[in-house]
Amino acid sequence: MLETKEFPDEADSSVKNILLMGATGYIGGALCRKLSQTQDFAVLALVRPSRDIQAIKPFCKEIIYSQEEQFSQKYVEKVIRKHDVKTVINLAWHMPPESTKEAQFAKDRIALEAALHATSEVSPDIHVIATSGNFSLVTADGGRITETPPHTGSRKLEYLAWIELLVNVNLMKDELIEEYISKGGNASIVYPSSVYGSSPTRGSIWDFAIQQFITGKPHQGYQPFPPDFMTAWIHVEDLANCYIAAARKGSKGGHYLAAAENLSISQMATLFAEAAQVKFQAPIFENKDNVVFDDSYTREVLQLEWKYKAADDVKAWVERIKELGTYFLEDV
């Protein structure tokens, strides 16, 4: 049974209000839960009228429904002023995805620009933490990947074609943020790698994708997962800690990569299959592009230590997928 947290009075200056956009999503739910365990932050969740808020309710000081399905700058600004918000974290992602990057970007930029421009209207001291992804940092050169953004126009590795929409939309949003920062805006970017683990709200895209890789068969109309490749993985609880550290110690123009473990898709699939006790013959993986994600700078500047290891925690991930009713490996 969840305990109800006693939230501090508005006048308590030791506790800073964080406005969280996208709180009902996978990462958002885990971040709400983790923030509720801190002594220095309180969560104000700004949610769309149609969203189910039951899973995050115990973790939030207040849940604020947007007046419209899309977040407007005017309304975000009103919320920031009323609640003396010190940090805005944007995790909002339009769902279900649109069919083109242009259409998806047109939807996603609304929440992002509302956060950026609303905060700049209120105070230059309000920090906006935006979200991108580790694949936005990968170029055709491969090699060591850090939090440093690639130069504009960099070619991408061919295997990223399967998530071309996601990568391109993130890059387009990153350009908006970089432009905002270049004009003096107080913002930073967190780059989550492939996220796994249990969140109180819903599952991750990887819940489905890793099972697809194991089966190698179409499921519910979707084609099997693409060929094997190297990525990095971060447990959703560790990722939540990264956002919190960015809120505490992050700086204007900061770029932070959360990439705890370098594992290929087949390596993670092997761990998953073992935990699920299903047969799986992993392909032989060759890291031909020598891709290695290195988040040592992020860990140093934000004073972070990753607590979770995939080998130790993948079983709990499998069990959570079963709880959500999205497990489909029985027939493997």
Take Glu77 and Lys74, measure what salt bridge (charged side-chain N to carboxylate O under 4.0 Å, His left out) needs, and give me the verdict at the end. CA-CA 5 Å; Glu77 182 181 336; Lys74 185 177 180 181; over 6 Å; no
Check whether [X] and [Y] end up in the same hydrophobic cluster, where Ile, Leu, Val, Met, Phe, Trp and Tyr are linked by side-chain heavy atoms less than 4.5 Å apart.
| X | Y | answer |
| --- | --- | --- |
| Phe229 | Ile210 | yes |
| Tyr256 | Ile89 | yes |
| Leu35 | Ile63 | no |
| Ile27 | Leu324 | no |
| Val79 | Phe71 | yes |

Side-chain donor/acceptor of [X] to backbone N/O of [Y], under 3.5 Å:
| X | Y | answer |
| --- | --- | --- |
| Asp238 | Trp306 | no |
| Arg320 | Gly197 | no |
| Gln303 | Lys249 | no |
| Ser193 | Ala258 | yes |
| Asn170 | Val167 | no |
| Ser72 | Tyr75 | yes |
| Gln267 | Ser264 | yes |
| Thr131 | Asn90 | yes |
| Ser136 | Ser132 | no |

Indicate yes or no: at least one non-hydrogen side-chain atom of [X] is less than 4.5 angstrom from one of [Y].
| X | Y | value |
| --- | --- | --- |
| Asn262 | Met230 | yes |
| His235 | Lys307 | no |
| Met21 | Leu44 | no |
| Thr146 | Leu137 | no |
| Gln73 | Val76 | no |
| Lys61 | Val43 | no |
| Gln104 | Trp93 | yes |
| Val128 | Asn186 | no |

Any idea which heavy atoms bring [X] and [Y] closest together, and the distance?
| X | Y | result |
| --- | --- | --- |
| Ala118 | Ile80 | CB-CD1, 4.1 Å |
| Thr270 | Ala282 | OG1-CB, 3.4 Å |
| Gln212 | Lys217 | OE1-O, 2.8 Å |
| Glu178 | Pro149 | OE2-CG, 3.9 Å |
| Ala240 | Leu31 | O-CD1, 3.6 Å |
| Leu112 | Ala130 | CD1-CB, 4.2 Å |

Ring pair (Phe, Tyr, Trp, His ring centres under 6.0 Å) partners for Phe105, two or more places apart: none
Yes or no on salt bridge (charged side-chain N to carboxylate O under 4.0 Å, His left out) for Arg144 and Asp294, after CA distance, side-chain angles and deciding distance? CA-CA 7 Å; Arg144 178 172 168 267; Asp294 180 359; 2.8 Å; yes
Does [atom1] belonging to [X] count more than 12 external heavy atoms closer than 6.0 Å?
| X | atom1 | result |
| --- | --- | --- |
| Glu164 | CD | no |
| Glu300 | CD | no |
| Lys156 | NZ | yes |

Salt bridge or not for Arg248 and Asp40, using N-O below 4.0 Å? yes
Between Glu237 and Lys34, is the closest basic N to carboxylate O distance under 4.0 Å? yes
What's the verdict on side chain to side chain contact (heavy atoms under 4.5 Å, CB included) for Cys242 and Leu304, showing C-alpha distance, side-chain angles and the deciding distance? CA-CA 7 Å; Cys242 182; Leu304 280 167; 4.1 Å; yes
As an exercise, state the distance from [atom1] of [X] to [atom2] of [Y], rounded to the nearest 0.5 Å.
| X | Y | atom1 | atom2 | answer |
| --- | --- | --- | --- | --- |
| Ser188 | Ile177 | OG | CD1 | 9.0 Å |
| Cys32 | Gln37 | SG | CD | 11.5 Å |
| Ser123 | Arg81 | OG | CZ | 9.5 Å |
| Ile53 | Ile64 | CD1 | CD1 | 12.5 Å |
| Ile145 | Asp295 | CD1 | CG | 12.5 Å |
| Leu20 | Cys60 | CG | SG | 7.5 Å |

Under a 3.5 Å cutoff, is there a donor and acceptor pairing between the side chains of [X] and [Y]?
| X | Y | answer |
| --- | --- | --- |
| Ser120 | His117 | no |
| Thr231 | Ser194 | yes |
| His94 | Glu98 | yes |
| Lys86 | Asn17 | no |

Is Arg48 positioned over the aromatic face of Tyr65, cation under 6.0 angstrom from the ring centre and no more than 45 degrees off axis? no
May I ask you to check whether Trp317 and Tyr196 place their ring centres under 6.0 Å from each other? yes
Checking ring-ring contact (aromatic ring centres under 6.0 Å, His included) between Phe208 and each of Tyr26, Phe328, Phe272, which is the one that passes? Phe328
Side chain to side chain contact (heavy atoms under 4.5 Å, CB included) for Ile126 and Val88? Distances and angles first, verdict last. CA-CA 7 Å; Ile126 301 173; Val88 178; 4.3 Å; yes
Apply side-chain hydrogen bond (donor to acceptor under 3.5 Å, both in side chains) to Asp228 and Ser266, showing your working. CA-CA 6 Å; Asp228 204 359; Ser266 60; 2.4 Å; yes
Lys16 vs Thr87, side chain to side chain contact (heavy atoms under 4.5 Å, CB included): CA-CA, chis, key distance, verdict: CA-CA 8 Å; Lys16 298 178 176 64; Thr87 303; 5.9 Å; no
Any idea how His255 and Tyr191 line up, ring-wise: parallel (<30°), tilted (30 to 60°), or perpendicular (>60°)? parallel
Using the side chain to side chain contact (heavy atoms under 4.5 Å, CB included) rule, take Leu176 and Met172 through it: C-alpha gap first, then chi angles, then the decisive distance, then the call. CA-CA 7 Å; Leu176 284 182; Met172 293 164 82; over 6 Å; no
